[in-house]
Amino acid sequence: MLTSLFQSLHLAISAFFAGLFVMLYSMFKKAEWGLFLLIFLIPQPNIWFKFLNFPLGSYYLNFIFLAVVFGLFIQNKGLVKNGNGKLILIFLLVSYIALWNSSMRFSLPYPVSFDNEMFKPWKNFAMMISMYFLGLSALRNEKNQKKAIVIMGAVLLIISIRSIESFTAGATFVQASRYGGPFETVGLGCNHLGAFIAEYAAFLLG
């Protein structure tokens, strides 16, 4: 048991520092590497949740996100602008104004720091939507776009195989035995897993 625990910890530490290397490489060499890592990690909290115990581990995904953003500017690529981007920025602005409105109505701290309990969920929401800009700006050629789709497919395949392996047929339905996949780590359940697989599969089949 101790050997298994040590091996698991060793893998987590190795993955953590490998991610730090990818962050630096994304900033100064190829910004798309950080985006590829985000695409791989975000749907698998069972992996990145292990980083929370490491120094600044709770900001791990945030740092990768920022590494891609800084990399785009350091490498003189910048952000690609289009009509859709303007609509998305307006949407994010409206959602942030709504956050201020809710904060004032419930006498919460100003939504500029994590002292406001609603600011962190909004920040995560805004980051996910902002990945549109990262994808548009970092994946500018067909080769990188294909790599991103292959990574999505690989993640879906990994999660699906694990789901099948964890399925146990029984004579009766048992709610507690339903498999929540990698999302169980963050308190989500089997319905979230099913929705994720259905939506990703529909996109990839298309």
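Only a predicted model underlies this, so the values are computations on that prediction, with no experimental measurement involved. Below, each value reflects all heavy atoms present in this structure, side chains not excepted, and no hydrogens, waters or symmetry copies.
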message: Tell me whether the count of non-hydrogen atoms from other residues, nucleotides or ligands lying under 6.0 Å of OH in Tyr132 goes above 12.
response: yes

message: If you count every heavy atom of other residues, nucleotides or ligands that lies below 6.0 Å from Gln145 atom CD, does the total exceed 12?
response: yes

field: Nearest heavy-atom neighbours spanning Gly57 and Leu52
entry: O-CD2, 3.8 Å

- prompt: Do you know which of Val80, Leu139, Leu72 makes side-chain contact (heavy atoms from CB on, under 4.5 Å) with Leu134?
  reply: Leu72

query: More than 12 non-hydrogen atoms from neighbouring residues, nucleotides or ligands closer than 6.0 Å to NZ on Lys30, yes or no?
result: no

- prompt: side-chain contact (heavy atoms from CB on, under 4.5 Å) between Phe28 and Gln75: does it pass, once the steps are laid out?
  reply: CA-CA 7 Å; Phe28 301 107; Gln75 298 160 38; 5.6 Å; no

- prompt: Out of curiosity, Leu99 CG to Tyr110 OH, how far, rounded to the nearest 0.5 Å?
  reply: 13.5 Å

Nearest heavy atoms of Ser130 and Phe65, plus distance in Å: CB-CZ, 3.8 Å

message: Tell me the closest heavy-atom pair linking Phe16 and Pro55, and the distance in Å.
response: CZ-O, 3.8 Å

query: Sequence neighbours excluded, which residues qualify as side chain to side chain donor-acceptor pair (under 3.5 Å) partners of Ser103?
result: Asn116

- prompt: Would Phe17 and Phe21 count as a close aromatic pair, with their ring centres under 6.0 Å?
  reply: no

query: Can Phe63 be reached from Phe114 by stepping across I, L, V, M, F, W or Y side chains whose heavy atoms are under 4.5 Å apart?
result: yes

- prompt: Roughly how far, to the nearest 0.5 Å, is CD of Gln44 from CZ of Phe40?
  reply: 4.5 Å

message: Can you confirm whether Glu184 sits close enough to Leu188 that some side-chain heavy atom of one is under 4.5 Å from a side-chain heavy atom of the other?
response: no

- request: Can you spot which of Leu35, Leu136, Val68 makes a side-chain contact (heavy atoms from CB on, under 4.5 Å) with Met131?
  value: Leu35

- prompt: Same hydrophobic cluster for Val150 and Phe203, using side-chain heavy-atom links shorter than 4.5 Å among ILVMFWY?
  reply: no

task: Show your reasoning for whether side-chain contact (heavy atoms from CB on, under 4.5 Å) applies to Ile197 and Ser163.
output: CA-CA 10 Å; Ile197 290 178; Ser163 300; 4.3 Å; yes

statement: Looking only at heavy atoms, the pair that brings Trp122 and Ser95 closest together is NE1-OG, 2.9 Å

message: Taking atom CZ as the centre, does Phe54 end up with more than 12 heavy-atom neighbours from other residues, nucleotides or ligands that are less than 6.0 angstrom away?
response: yes

- prompt: Does a side-chain heavy-atom distance below 4.5 Å link Leu61 with Asn124?
  reply: no

message: To the closest 0.5 Å, what do you measure between CG (Asn82) and OG (Ser137)?
response: 9.0 Å

message: Working note: Val155 + Ile159, criterion side-chain contact (heavy atoms from CB on, under 4.5 Å); need CA distance, chi angles, decisive distance, verdict.
response: CA-CA 6 Å; Val155 170; Ile159 294 175; 3.8 Å; yes

field: Heavy-atom pair with the smallest gap, counting every atom of Val112 and Tyr96
entry: CG1-OH, 3.8 Å

Salt-bridge present (Lys77, Glu32; N to O < 4.0 Å): yes

- prompt: Do Phe36 and Val22 have side-chain heavy atoms sitting under 4.5 Å apart?
  reply: no

field: Atom pair CD1 (Ile149) and CD (Glu142), whose distance is rounded to the nearest 0.5 Å
entry: 9.0 Å

query: Do Leu204 and Leu157 sit in the same hydrophobic cluster, where Ile, Leu, Val, Met, Phe, Trp and Tyr count as joined when their side-chain heavy atoms come under 4.5 Å apart?
result: no

task: Count the heavy atoms belonging to other residues, nucleotides or ligands that lie under 6.0 Å from CZ of Phe106, then report whether that count exceeds 12.
output: no

query: When you look at Met23 and Leu37, which way does the side-chain contact (heavy atoms from CB on, under 4.5 Å) test go after all the steps?
result: CA-CA 9 Å; Met23 289 182 207; Leu37 183 58; 5.7 Å; no

query: Does the separation of the ring centres of Trp48 and Tyr60 fall below 6.0 angstrom?
result: no

task: Consider only side-chain heavy atoms of I, L, V, M, F, W and Y, link residues closer than 4.5 Å, and tell whether Leu56 and Val69 are in one cluster.
output: yes

query: How long is the span from the CZ atom in Phe133 to the CG atom in Asn84, to the nearest 0.5 Å?
result: 9.0 Å

message: Applying a strict under-4.5 Å side-chain criterion to I, L, V, M, F, W and Y, I'd like to know whether Met118 and Met104 cluster together.
response: no

message: Which label fits Phe196 and Phe183: parallel for a plane angle under 30°, tilted from 30 to 60°, or perpendicular past 60°?
response: perpendicular

- prompt: Below 4.5 Å, heavy atoms only, C-beta onward: do Met27 and Leu66 meet side chain to side chain?
  reply: no

- prompt: Nearest 0.5 Å, what's the CG-OG distance between Leu108 and Ser102?
  reply: 8.5 Å

task: Identify the two heavy atoms, one from Pro182 and one from Leu193, that lie closest to each other, and give their separation to 0.1 Å.
output: CD-CD1, 4.3 Å

